[in-house]
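Here is the structure we will look at.
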Amino acid sequence: MYYSKTLIPTLKEVPSDAEAISHQLMLRAGYIRQLATGLYIYLPLAWRVINKINNIIRQEMNAIEAQELSMPVLHPAEVWQKTGRWHAIGDEMFRLKDRTKRDMCLAMTHEEIMAWLAAREIRSYRDMPQSWYQIQTKLRDEARPKSGILRTREFIMKDSYSFDVDNEALVLSYAKHAEAYHKIFKRCGLTFYQVESDTGMMGGSVSHEFMAPSPAGEDEVAICPNCGYAANVELAKTLPEIPQYEDMDFKEISTPNKKTVDEVSKFLNFPPEYFIKSLLVISNEEPVLALVRGDHTLHEKKLTHLIGNFRPAKMEEITNILGVEAGFIGPMGHKIKIIADPALSTGVYISGANKKDYHAKGIKPNVHFHALWHDIHVAKDNEKCHNCQTPIRVEKVIEIGNIFQLGTKYTEPLKAVYLNSKGEEKPIVMGSYGIGPARVAAAAIEQNHDEHGIIWPVSIAPFTVHLLPLNIADKQTMEVCEQLYKQFNDNSIDTLVDDRNERPGVKFKDADLIGIPYQLVLGAKSLKENHVEIKNRKTKEITKVSVDDTLKIIKNDYIEKKR
RNA sequence: CGGGGCGUAGCGCAGUCUGGUAGCGCACCUGCCUUGGGAGCAGGGGGCCGGAGGUUCGAAUCCUCUCGCCCCGACCA
């Protein structure tokens, strides 16, 4: 493709709205433009990248015998009403009415429609296993779109759905997908982890997320470098460091107006690990007192797993239920349910004395208070792996894919059933598996760039070779350029030719920004010796080769080795 | 939805406090010149100062309302 005829609007300056590196570089290098919050235009270069990623996905999905199909993005409400999600989901679903005033919605995901289809077309155990996938636009009215194309309101997703006779068969389909995902992300040149994850409102039992480490990520995972334990911090099980506590007798102490752990810690001159944070929350059933160590943070999702949805108690509820105002709550002597983090299971602590302006020290677990013990704190860097005691690492990550064992959550309400070999009617057992191609692209940039621009992995680069004729007025330069361009085209090597009438500096800068893996520099001086220069964008290595060998070397030494 | 910030030419910004003819750099157009790391010279085009009301002789500037965008948090099936 000729640069002069392609829309590649590069920018010298960083647009002020962009924060994430991938966002900045995609704007600067002329890959994307923003239409409105969370809505992006994919310009020609970006679209080529997305298609390369999608094709890798297609190859690996087809390899596990999943079949591509296409689904409506506009859905009738009834299907969503049957599974209950029409009501369970709030403002995040785009809703509208058609001309007959029928309730409709825009697709956020396709569990319902896939199960609807399965309900009609799968009748017998002989029809399974099946895996169907789509690479299509989905829409969510996100509360807060952010970081360029990382979190948008309209996005392309590869979603696949498996249909099996029972849970055992589902586990097989799940494993196949997990394996395919490993191949896909590896081929896309990403560093990634497969981690245990929360099933959330998707339902089902088992799920994993594929996470690409990056500072721009919205999620955090805990990784054990020794045994390989890897989990989203939302459910990571870790053992905190237990300090040596100095023994103290139980005693109330005056702490006028000191309420937060921080304040009391400074006032009494004890580190935060000596404190118990007592938090009153109200679940759907009852009030619950949650206890975490002073230096820890309560993890709301972990607690939700134990007590269901909850909210923090209001001021007057605290006084009514515990008989003391917030800031002086201690774990002692309450009749309500108490859930405590295991970090508090030994030691001697300080906490509120359940009396205004007083704290108590010398509080011992199982002596001064009793509780149900569950891990409810946010995992921190350097805590110990619950499997092997090795210090874990907490990293920021971008979620690039997820896989769920859904079970019968969607098939039962939609009456997707089949007859087994004994003629018994059984619900189809379902799995769902997503990949966000745009996030793969963004993660690739986050993980592969330098101060000059993007450095694409060969597999997903918009072009493989970037021809840079430095002086288009020079006859010999352009002759060689055309000759090489034809050779590359004939060999199906994607090539961009910078045929613009620009000075060399401009072309070099743009080439580095755009990030095509191999730059072929055609300069008049080298050409006099019949040489062109191959510059490796990643290593910055420059190799002089003869014009006649160029194709062969690019093909054999560069592209083939990357396969 | 809560908190904070910002809307002035395609992009990056100044001007707003203290009202008085809308500016700078880059980009763009024409010509000359130049061709190994974002060249130079000369000439030129482009803005309802996000929008609506108001105050004033006069509003980018002051007041009210509104819309949009970014960041933090909540949310994220």
Report task. Please list, chain by chain and in numerical order, all residues satisfying ring pair (Phe, Tyr, Trp, His ring centres under 6.0 Å) with A:Tyr485, sequence neighbours excluded. Result -> A:Tyr2
Query - Distance below 4.0 Å between A:Ser16 side-chain N/O and B:C70 OP1 or OP2 - result: no
Query - Nearest-angstrom distance, P atom, B:U61 to B:C26 - result: 29 Å
Report task. Please state how far atom CG in A:Leu298 lies from atom P in B:G73, giving the value in whole angstrom units. Result -> 17 Å
Report summary line: A:His23 NE2 to B:C11 P, in whole Å, measures 13 Å
Requested in this report: Check for a donor-acceptor pair, side chain of A:Tyr31 on one end and backbone N or O of A:Val49 on the other, with a separation under 3.5 Å.
Outcome: no
Report summary line: With sequence neighbours left out, the residues meeting ring pair (Phe, Tyr, Trp, His ring centres under 6.0 Å) with A:Tyr433 are A:His177
Report task. If B:C24 has a Watson-Crick or G-U wobble mate with both distances under 3.5 Å, name it; if not, just say none. Result -> B:G12
Report task. Could you give the distance separating B:G47 and B:U8 at their C1' atoms, to the nearest angstrom? Result -> 8 Å
Report summary line: Residue pairs meeting ring pair (Phe, Tyr, Trp, His ring centres under 6.0 Å), one or both in residues 280-303 of chain A, sequence neighbours left out, come to A:His296-A:His377
Query raised in the report: With rounding to whole Å, what would you report as the distance between B:C62 and B:C49 at their P atoms?
Result: 15 Å
Can you list, pair by pair, the side-chain donor-acceptor contacts under 3.5 Å of residues 34-41 of chain A, counting residues two or more places apart and other chains?
residue, atom, partner, partner atom, Å
A:Gln34, NE2, A:Ala36, O, 3.2
A:Tyr40, OH, A:His23, NE2, 3.2

Query - Rounded distance (Å) that lies between atom C1' of B:C75 and atom NZ of A:Lys301 - result: 9 Å
**Report entry** B:G46 pairs with, by Watson-Crick or G-U criteria that keep both distances under 3.5 Å
**Finding:** none
Query raised in the report: Taking the P atom of each, how far is B:G23 from B:G45, in whole Å?
Result: 13 Å
Requested in this report: Quick one: label A:Ala36 by what it contacts on the DNA or RNA (base, sugar-phosphate, nothing), any heavy atom closer than 4.0 Å.
Outcome: sugar-phosphate
Report task. For A:Lys146 and B:C69, give me the distance from atom NZ to atom C1', rounded to whole Å. Result -> 16 Å
Query - Separation between the C1' atoms of B:U16 and B:C33, rounded to whole Å - result: 43 Å
Report task. Indicate, with a heavy-atom threshold strictly under 4.0 Å, whether A:Thr83 touches base, sugar-phosphate, or nothing. Result -> nothing
Report task. Assign the ring pair A:Tyr42 / A:Trp47 to parallel, tilted or perpendicular, where the plane angle (0 to 90°) is split at 30° and 60°. Result -> perpendicular
Query raised in the report: When you check every protein heavy atom under 4.0 Å of nucleotides 31-38 of chain B, what one-letter string (B, S, -) results, 5' to 3'?
Result: ---BBBBB
Report task. Ignoring hydrogens and angles, answer whether the base of B:G10 and the side-chain atoms of A:Glu13 contain a donor-acceptor pair closer than 3.5 Å. Result -> no
Query raised in the report: Taking only residues two or more places apart in sequence or in another chain, which ones pass side chain to side chain donor-acceptor pair (under 3.5 Å) with A:Asp141?
Result: none
Query - Distance, rounded to the nearest Å, where A:Asp17 contributes CG and B:G10 contributes P - result: 15 Å
Requested in this report: Rounded off to whole Å, could you give me the NE2-to-P distance for the A:His299 and B:C75 pair?
Outcome: 10 Å
Query raised in the report: For atom P, what is the distance between B:G2 and B:G46, given to the nearest Å?
Result: 43 Å
Query raised in the report: What integer distance in Å separates A:Glu142:CD from B:C70:C1'?
Result: 16 Å
**Report entry** Distance between P atoms of B:C48 and B:A39 (Å, rounded)
**Finding:** 31 Å
Query raised in the report: Which base sits across from B:C69 as a Watson-Crick or G-U pair, both distances under 3.5 Å?
Result: B:G5
Query - Whole-Å distance separating the CD atom of A:Glu218 from the C1' atom of B:C72 - result: 13 Å
Query raised in the report: Ring centres of A:Tyr410 and A:Trp80 under 6.0 Å apart?
Result: no
Report task. Hunt down the Watson-Crick or G-U wobble partner of B:C17, both distances under 3.5 Å, from any strand shown, or write none. Result -> none
Report summary line: Closest to the 5' end of RNA chain B, once A:Val14 and A:Asp219 are matched to their nearest nucleotides, is A:Val14
Query raised in the report: Between A:Trp132 and A:Phe163, what is the ring plane arrangement, given parallel below 30°, perpendicular above 60°, and tilted in between?
Result: tilted
Query - Base-pairing mate for B:U34 - Watson-Crick or G-U, with both contacts under 3.5 Å - result: none
**Report entry** A:Met108 vs A:Arg144, nearer the 5' end of RNA chain B by closest nucleotide
**Finding:** A:Arg144
**Report entry** Whole-Å P distance, B:A59 and B:G20
**Finding:** 11 Å
